[in-house]
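Residues: numbered from 1 along the sequence shown. Note that the structure is predicted; figures quoted are calculated from it, not measured.
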Amino acid sequence: MLTVQVKLSVEDIINSLPDLNANEVDKLQNAIAVLKNEEALQQAINEGLEDIKHGRVTPHDVVMQEIKARYNYKA
């Protein structure tokens with residue numbers, strides 16, 4: 001929830017700057033989106049590492065079988 005509050009706060013600051021043109025506002029908003037995506041990626045990586053640490057893993061061959069079955073893959 002803190003991320004959303006920080007994001008809204010940063011967007012409020014961007015919107016309050018009168019000297020920015022639309023292109024500059026777009027660039028700043030895109031930078032915020034990139035940071036949010038990087039944070040989500042880091043969180044997903046951390047969750048994966050926790051899964052490994054606690055033995056919640058699936059063998060490669062099982063994953064590949066599931067993917068092939070799901071997408072009707074024929075070799």
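Not counting sequence neighbours, Arg70 has no partner by the salt bridge (Lys or Arg N to Asp or Glu O under 4.0 Å) test. Ile67 is linked by a side chain to side chain contact (heavy atoms under 4.5 Å, CB included) to Val63, Met64, Tyr71, counting only residues two or more places apart in sequence or in another chain. Shown here are the salt bridge (Lys or Arg N to Asp or Glu O under 4.0 Å) partners of Asp26, two or more places apart in sequence or in another chain: there are none. Residues satisfying the side chain to side chain contact (heavy atoms under 4.5 Å, CB included) test with Val34, not counting sequence neighbours, are Glu38. Qualifying side chain to side chain contact (heavy atoms under 4.5 Å, CB included) partners for Val25, counting only residues two or more places apart in sequence or in other chains: Ile14, Leu20, Gln29.
Once rounded to the nearest 0.5 Å, the distance linking CG of Asn37 with CD1 of Ile32 reads 12.0 Å. For the atom pair Lys68 NZ and Asp61 CG, the distance stands at 10.0 Å (nearest 0.5 Å). Remark: Thr58 OG1 to Glu66 CD distance equals 6.5 Å, nearest 0.5 Å. Here His54 contributes atom NE2 and Leu49 contributes atom CG; the two are 11.5 Å apart, rounded to the nearest 0.5 Å.
Through direct or indirect side-chain contacts shorter than 4.5 Å among Ile, Leu, Val, Met, Phe, Trp and Tyr, Val57 is connected to Ile52.
With 3.5 Å as the limit, one finds no donor-acceptor pair spanning the side chains of Glu50 and Asn46.
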